[in-house]
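Below you'll find the structure, written out as structure tokens, and then a few comments.
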Amino acid sequence: MVRSGARLAVDRSVPGLIVKIGSYPLHHGGVGAIRTLGRLGVPMYAVTEDRWTPAAASRYLRGRFVWPTTGREDPERLVAGLLRIGRRIGRPTLLIPTDEEAAVLTAEHAEALAGAFLFPRPAPGLPRRLASKQGLHELCTAHGVPSPAAVFPGSYADIEAYAGRARFPVVAKNREAFVRRARPAVTGTTRIAGPQQLLDLARDWGPRPGVILQEYLPREHAEDWVVHGTFAADGAPLALFTGVKVRSWPPHAGMTACAHVADNPELARMSARFIRRIGFAGIADLDWRFDRRDGRYKLLDFNPRMGAQFRLFENTAGVDVVRAQHLALTGRTVPEGAQRTGHRFVVENVDLPARWAYRRSGRRPPHAPAPAAGTELAWFAGDDPLPFLTMLARSAGPGARHLMQLRRAGRRAGAQAPIEQGEGPN
């Protein structure tokens with residue numbers, strides 16, 4: 001097969017390491033990163049929960065480091081583990097975080113990690129602030145970027161007062177990305193229909209609720225857009241892409257199940273201007289919602305790392321955000337090119353229930369997809385089939401039955417396969 005980006009002048013002497021914190025073995029973003037650099041001849045390594053994750057099964061993986069983590073470890077322990085991995089690899093390696101915890105850990109311990117690894121160097125506290133719902137809201141307000149109206153209650157009394165004046169429905173989210181593994185208030189984005197439901201939920205949130213209560217943007221009046229990019233140290237975009245989220249799982253509030261590339265120069269300019277102003281460097285995944293009621297794009301989330309659906313985007317020179325990062329940090333030029341408008345990305349295991357749910361609701365996605373200019377599947381690849389088969393095996397049995405129960409109940413699906421124990425890096 002003709003490999004996408006085969007002519008890119010990558011430095012094959014610099015490996016890549018997929019870094020994750022916490023247990024989520026069915027992660028197609030990590031598999032995509034292993035493939036996108038591995039197909040160019042870059043040696044790829046990964047931190048995995050056990051030996052039988054889809055990422056560990058990829059033919060493009062040179063080595064895996066079985067290291068189950070929870071996200072509740074002391075940061076110094078995690079840094080020491082990464083440094084042991086670095087010594088095992090034996091040469092400077094590109095760090096590729098797949099979650100906020102890993103991105104923040106890297107930024108806040110950059111000096112300790114810099115000798116063994118290559119990574120962007122934004123201000124140390126910026127990724128944590130961007131991953132925080134409150135921090136992002138404050139940055140948006142400071143820089144004139146529209147975002148949904150939000151409050152950050154400090155007590156149950158604050159929630160009672162808010163319940164008396166709020167316009168329902170509202171949305172509750174965990175305020176900080178880092179409490180979702182240790183002490184989450186909600187399991188994910190939660191739509192709250194009225195004041196009594198809010199007060200009932202809030203009784204379990206403790207004396208200092210770690211939530212954000214946010215304006216609900218009705219899906220019938222909104223479009224979900226995604227922006228992915230890689231940015232230089234001065235905030236200049238090295239690669240920048242825009243697309244539309246067609247379906248998500250859970251419906252309307254979860255991860256991307258199907259998306260397609262769509263040109264949106266206005267949104268690209270807004271995103272690039274905001275990123276330059278805040279001084280971010282590296283890979284970013286932004287979620288925007290276009291509110292037809294007032295004609296504005298509102299920033300919902302800023303992930304200071306690659307998004308799981310990053311392989312939706314590649315330009316005509318064969319550059320995606322991960323390849324751009326490797327090229328830039330190894331001193332190579334990042335070739336320019338137009339994005340592939342109409343190209344589609346499908347996450348097989350979640351798009352099937354998403355299709356079912358959208359069809360059952362009777363609502364079509366508000367922004368119909370353009371005629372597909374090719375489709376990339378998150379899991380299946382003819383040159384690397386084992387991750388797909390491993391995903392199927394881990395999704396079967398109790399996990400699949402639980403998923404069906406969640407579908408029938410209309411609740412959030414969060415089942416994952418059991419995790420085997422394994423050795424840490426040494």
Straight-line distance of [X] [atom1] to [Y] [atom2], nearest 0.5 Å:
X      : Y      : atom1 : atom2 : result
Leu312 : Thr242 : CG    : OG1   : 9.5 Å
Glu348 : Met391 : CD    : CE    : 5.5 Å
Asp291 : Arg296 : CG    : CZ    : 8.0 Å
Leu78  : Thr69  : CG    : OG1   : 6.5 Å
Glu376 : Arg340 : CD    : CZ    : 6.5 Å
Thr341 : Asp263 : OG1   : CG    : 3.0 Å

Is there a donor-acceptor pair closer than 3.5 Å between any side-chain N or O of [X] and the backbone N or O of [Y]?
X      : Y      : answer
Thr256 : Ser248 : no
Ser132 : Arg128 : no
Thr390 : Ala57  : no
Arg247 : Val350 : no

Test side-chain contact (heavy atoms from CB on, under 4.5 Å) applied to Ile96 and Gln325, step by step = CA-CA 9 Å; Ile96 307 171; Gln325 188 74 96; over 6 Å; no
Using side-chain heavy atoms (C-beta onward) and a distance below 4.5 Å, is [X] in contact with [Y]?
X      : Y      : value
Phe231 : Leu240 : yes
Leu327 : Val10  : yes
Asp301 : Lys173 : yes
Arg175 : Pro153 : yes
Val226 : Phe313 : yes
Trp225 : Val244 : yes
Leu213 : Leu198 : yes
Pro68  : Asp50  : no

Heavy-atom closest contact ([X] atom, [Y] atom, distance):
X      : Y      : answer
Tyr297 : Pro146 : O-CB, 3.3 Å
Ala185 : Gly210 : CB-O, 4.5 Å
Val334 : Leu238 : CG1-O, 3.6 Å
Cys258 : Asp351 : CB-OD1, 3.6 Å
Leu136 : Phe302 : CD2-N, 3.6 Å
Cys140 : Leu299 : SG-CD2, 3.8 Å

Should the pair Arg311 and Phe345 be classed as cation-pi, given the thresholds of under 6.0 Å to the six-membered ring centre and 45° from the axis?
->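 Judged by the rule, Arg311 and Phe345 form no cation-pi pair.
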Derivation and outcome, side-chain contact (heavy atoms from CB on, under 4.5 Å), residues Arg394 and Thr53 = CA-CA 8 Å; Arg394 295 193 74 135; Thr53 68; 3.8 Å; yes
Is it true that the side chains of Glu336 and Asn315 contain a donor and an acceptor less than 3.5 Å apart?
-> no
Tell me, with the steps shown, if Met306 and Asp285 meet side-chain contact (heavy atoms from CB on, under 4.5 Å).
-> CA-CA 6 Å; Met306 72 168 202; Asp285 166 22; over 6 Å; no
N/O donor to acceptor pairs below 3.5 angstrom from side-chain atoms of residues 30-37, sequence neighbours left out:
{"from": "Arg35", "atom 1": "NE", "to": "Asp384", "atom 2": "OD2", "distance (Å)": "2.8"}
{"from": "Arg35", "atom 1": "NH1", "to": "Trp379", "atom 2": "O", "distance (Å)": "3.2"}
{"from": "Arg35", "atom 1": "NH2", "to": "Trp379", "atom 2": "O", "distance (Å)": "2.8"}
{"from": "Arg35", "atom 1": "NH2", "to": "Asp384", "atom 2": "O", "distance (Å)": "2.8"}
{"from": "Thr36", "atom 1": "OG1", "to": "Asp320", "atom 2": "OD2", "distance (Å)": "2.5"}
{"from": "Thr36", "atom 1": "OG1", "to": "Arg323", "atom 2": "NE", "distance (Å)": "2.9"}

Decide if atom CZ of Arg208 counts as having more than 12 heavy atoms of other residues, nucleotides or ligands within a radius under 6.0 Å.
->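 No, because the 6.0 Å sphere around CZ of Arg208 holds 12 heavy atoms or fewer from other groups.
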Are there more than 12 heavy atoms of other residues, nucleotides or ligands under 6.0 Å from atom CZ of Arg121?
-> yes
Verdict with reasoning, Leu82 to Trp67, per side-chain contact (heavy atoms from CB on, under 4.5 Å) | CA-CA 10 Å; Leu82 286 175; Trp67 185 19; 4.1 Å; yes
Side-chain donor-acceptor distances from residues 158-167 under 3.5 Å, at least two apart:
{"from": "Asp158", "atom 1": "OD2", "to": "Gly154", "atom 2": "N", "distance (Å)": "2.8"}
{"from": "Asp158", "atom 1": "OD2", "to": "Ser155", "atom 2": "N", "distance (Å)": "3.4"}
{"from": "Arg165", "atom 1": "NH1", "to": "Ala161", "atom 2": "O", "distance (Å)": "3.4"}

Result for side-chain hydrogen bond (donor to acceptor under 3.5 Å, both in side chains) between Glu223 and one of Arg289, Lys245, Arg292 points to Arg292
Quickly, which of His27, Glu49, Glu101 forms a side-chain hydrogen bond (donor to acceptor under 3.5 Å, both in side chains) with Lys20? Name it, please.
-> Glu49
Does Arg293 pair with Glu215 as a salt bridge, N-O distance under 4.0 Å?
-> yes
May I have the list of side-chain donor-acceptor pairs in residues 266-283 shorter than 3.5 Å, sequence neighbours left out?
{"from": "Ser271", "atom 1": "OG", "to": "Leu267", "atom 2": "O", "distance (Å)": "2.9"}
{"from": "Ser271", "atom 1": "OG", "to": "Trp288", "atom 2": "NE1", "distance (Å)": "3.2"}
{"from": "Arg277", "atom 1": "NH1", "to": "His143", "atom 2": "O", "distance (Å)": "3.4"}

How would you list, by chain and number, every residue that makes a side chain to side chain contact (heavy atoms under 4.5 Å, CB included) with [X], sequence neighbours excluded?
X      : answer
Arg62  : Pro43, Tyr45, Arg91
Asp204 : none
Glu76  : Asp74, His109

